[in-house]
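Worksheet for the structure shown next.
Convention: sequence-line order gives letters A, B, ...; per-chain numbering from 1.
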2 protein chains.
Amino acid sequence: MDRKIEDILKRNQLSVTSGRKKILELFLQQDGALAHNDIEKRAGEKFDRVTIYRTLQAFLEKGMIHSIPTSDNSIRYALCKDNCSEGHHHDDHVHFVCSACGNTVCLEGVMVPPIKLPNGFVVEQVEMLVSGVCKSCNMDV
Amino acid sequence: MDRKIEDILKRNQLSVTSGRKKILELFLQQDGALAHNDIEKRAGEKFDRVTIYRTLQAFLEKGMIHSIPTSDNSIRYALCKDNCSEGHHHDDHVHFVCSACGNTVCLEGVMVPPIKLPNGFVVEQVEMLVSGVCKSCNMDV
DNA sequence: ACAACAAACGCAACAGCGTTGCAAATAATT
DNA sequence: AATTATTTGCAACGCTGTTGCGTTTGTTGT
C-alpha cells in the first residue's frame, strides 16, 4: 500500500514526503470528496495548514485531483479516476452533495447533458451540482 | 424610481431604509449577479459591511434574490424575476460566468435539463454553472 | 404630529479560508 | 556522504462572513 502511494507520487513527478503520502492515502481511503478542513482533521493535527494547501495545489496541478464548487463556499477536491491523472480530461461528470450525511461524491457514470445557450455565448466548461439524498443515506431509513 | 424601489421593499415586508434602497437599486441597475464585494464598492463606502451582509440575507429570506455558487469562493446573488419573489420557486435556470469580463448572469431562458441518477439517489436541487465567454465579450472582439 | 415601540445600523471583535515570504528541515542527485 | 533542489513550518497578512450590543432610524397608534 505504501509502495503504491509512493508510485503514484513519483509517476506525477512529485517528491515523496510524509505529508503527501498521508493526504493521498486519505483520498484513496475515501470515495467521496474532501475539503481542506476534512483533511486537516483526519490527518490528526500533524500537518501545517499551509502544507495541506500547497499539497492540494500540487495535486491539482498534476491532475491527480479535481475541484468541485459548492454552495457553501469551500472548495472540495476529489480524486481523478484513471486517465484523468495524465492530463486534464475533466470529463464533465455530475457531482452529488448529500444533504443528510454531507458527503460529496463524483457520479462518474452520469455525464452532464449537452446544453444549448443563446447565440453569442461560448461554452468552455460546465459544472453540474446535484443535491439530495445519497444511496447510503436512503438505505439507512 | 424611488417609489418603485420602496414599493418592492414594502411588498416584501421589509422596512424602507436608505441602505436597502441603495442595494436594491444596484441590483435593479445591474442585470448580472453581485457579490458582497461588488456592492461594497459600488455603494460608495457608505455602508457598513455588516449591513450589507444582513441586507443580502434579508433579501434572500424574502425570496427577492437567489444565491449562485461559484468556483472562486464567494457567493454571488442575483435578482429573482417576477413570480420568484412570492415563494422560493427557483426554477432551475442556468448560470453563466464569463471568463473575460468576470460577470455572472442568469440565463433565464435556459432550463437545466432533466438528469437521471443511479438507483438510490434522490434529487432535491440541481445547479448548473456554465463558464465561457458571454455575448457582450464576444461582440467586442 | 408625536410618543412608544420595533427594527435596522454601526462598531468592535471574532472565526475561518486561503496566500505569501523566509528560514529550517527534508528529499533527491552526484 | 555531500551538495543541491524541494518541502515544510512559522509568522503574518487579507478577505469573507458572523455575533453581540448600544445607538440610530423607521413604523405604528393615538
Side-chain angles (χ1 to χ4, degrees), chain A residues 2-3 5-26 33-62 64-77 102 104, chain B residues 2-3 5-26 33-62 64-77 102 104:
Chain A
D2 211 51
R3 263 250 70 77
I5 289 178
E6 291 186 13
D7 282 348
I8 295 177
L9 288 172
K10 279 178 188 163
R11 195 185 318 141
N12 286 284
Q13 300 156 352
L14 290 172
S15 301
V16 177
T17 67
S18 58
R20 289 180 179 171
K21 281 198 286 183
K22 183 67 189 171
I23 292 177
L24 182 51
E25 194 186 332
L26 287 176
L34 293 171
H36 172 273
N37 195 325
D38 302 322
I39 296 171
E40 201 171 342
K41 281 176 191 153
R42 296 188 204 183
E45 319 280 327
K46 293 197 299 185
F47 303 106
D48 194 84
R49 281 178 345 103
V50 180
T51 301
I52 298 175
Y53 281 116
R54 287 199 267 234
T55 301
L56 288 173
Q57 221 160 294
F59 286 4
L60 199 59
E61 277 165 17
K62 298 299 182 183
M64 296 167 61
I65 58 179
H66 61 277
S67 70
I68 307 171
T70 54
S71 335
D72 71 331
N73 55 318
S74 70
I75 308 167
R76 281 170 206 282
Y77 300 91
T104 302
Chain B
D2 210 51
R3 263 252 67 81
I5 288 178
E6 291 186 12
D7 284 347
I8 295 177
L9 288 172
K10 280 179 187 159
R11 195 187 315 141
N12 286 283
Q13 301 158 352
L14 290 172
S15 303
V16 177
T17 67
S18 58
R20 288 179 179 172
K21 280 197 287 184
K22 183 66 189 170
I23 292 178
L24 181 49
E25 195 187 330
L26 287 177
L34 293 171
H36 172 274
N37 195 324
D38 302 322
I39 297 171
E40 201 171 342
K41 281 176 191 153
R42 297 188 204 185
E45 319 280 328
K46 293 198 299 189
F47 303 106
D48 194 84
R49 280 179 345 105
V50 180
T51 300
I52 298 175
Y53 281 116
R54 286 198 266 235
T55 302
L56 287 173
Q57 220 161 294
F59 286 4
L60 199 61
E61 278 165 16
K62 297 299 181 183
M64 295 166 61
I65 58 179
H66 62 277
S67 70
I68 306 171
T70 54
S71 335
D72 73 331
N73 58 318
S74 70
I75 309 166
R76 280 169 207 282
Y77 300 91
T104 302

Do any side-chain nitrogens or oxygens of A/N37 fall under 4.0 Å of OP1 or OP2 in C/dC17?
yes

At less than 4.0 Å, is any side-chain N or O atom of A/Y53 found next to OP1 or OP2 of C/dT19? Yes or no.
no

Please determine, for the side chain of A/R20, which listed nucleotide (C/dA8, D/dC10, D/dT8) has the closest atom?
D/dT8

Keeping the roles fixed (side chain from A/D48, backbone from A/V50), state whether a donor-acceptor pair exists under 3.5 Å.
yes

Distance in Å, B/R20 CZ paired with B/L9 CG, rounded so as to fall on 0.5 Å steps:
7.5 Å

Roughly how far, to the nearest 0.5 Å, is CG of A/L26 from NZ of A/K21?
13.5 Å

Sugar-phosphate, base or nothing in reach of B/R49, heavy atoms under 4.0 Å
base

Residue of the set A/L14, A/I23, A/L60, A/L24 for which side chain to side chain contact (heavy atoms under 4.5 Å, CB included) holds with A/T55:
A/I23

Choose from D/dG17, D/dC10, C/dG18 the nucleotide whose nearest atom is closest to any side-chain atom of B/I75.
D/dG17

For nucleotides 26-30 of chain C, list the nitrogen or oxygen atoms of the protein found under 3.5 Å from its nitrogen or oxygen atoms, one pair per line.
unit_1: C/dA28; atom_1: OP1; unit_2: A/V16; atom_2: N; d: 3.0

Distance in angstrom units between B/K22 NZ and D/dG26 C1', rounded:
20 Å

Rounded to whole angstroms, how far apart are NZ on A/K62 and P on D/dT6?
11 Å

Atom CZ of A/R76 and atom C1' of C/dC17: how far apart are they, to the nearest Å?
13 Å

Hey, could you give me the CD1/CG distance between A/I52 and A/N37, rounded to the nearest 0.5 Å?
9.0 Å

Would you check, one step at a time, whether the test side chain to side chain contact (heavy atoms under 4.5 Å, CB included) holds for A/K10 with A/V16?
CA-CA 7 Å; A/K10 279 178 188 163; A/V16 177; 4.0 Å; yes

From CG of B/L60 across to C1' of D/dG17 the rounded distance in Å is 14 Å

Which whole-number value in Å describes the distance from B/K21 NZ to D/dG26 P?
8 Å

Per the atom types in the model, does the base of D/dG9 pair as donor or acceptor with the side chain of A/R54 at under 3.5 Å?
yes

Check the distance between C/dA15's P and A/E40's CD and give it to me in whole angstrom.
15 Å

Rounded to the nearest angstrom, tell me the gap between atom CD in B/E61 and atom P in D/dT18.
11 Å

Counting only side-chain nitrogens and oxygens, does A/Q57 get under 4.0 Å of the OP1 or OP2 atom of C/dT19?
yes

Set out, in order, the CA-CA distance, both residues' side-chain angles and the distance that settles side chain to side chain contact (heavy atoms under 4.5 Å, CB included) for A/I39 and A/F47, then state yes or no.
CA-CA 10 Å; A/I39 296 171; A/F47 303 106; over 6 Å; no

Can you measure B/K41 atom NZ to D/dC15 atom C1' for me and round it to whole angstrom units?
11 Å

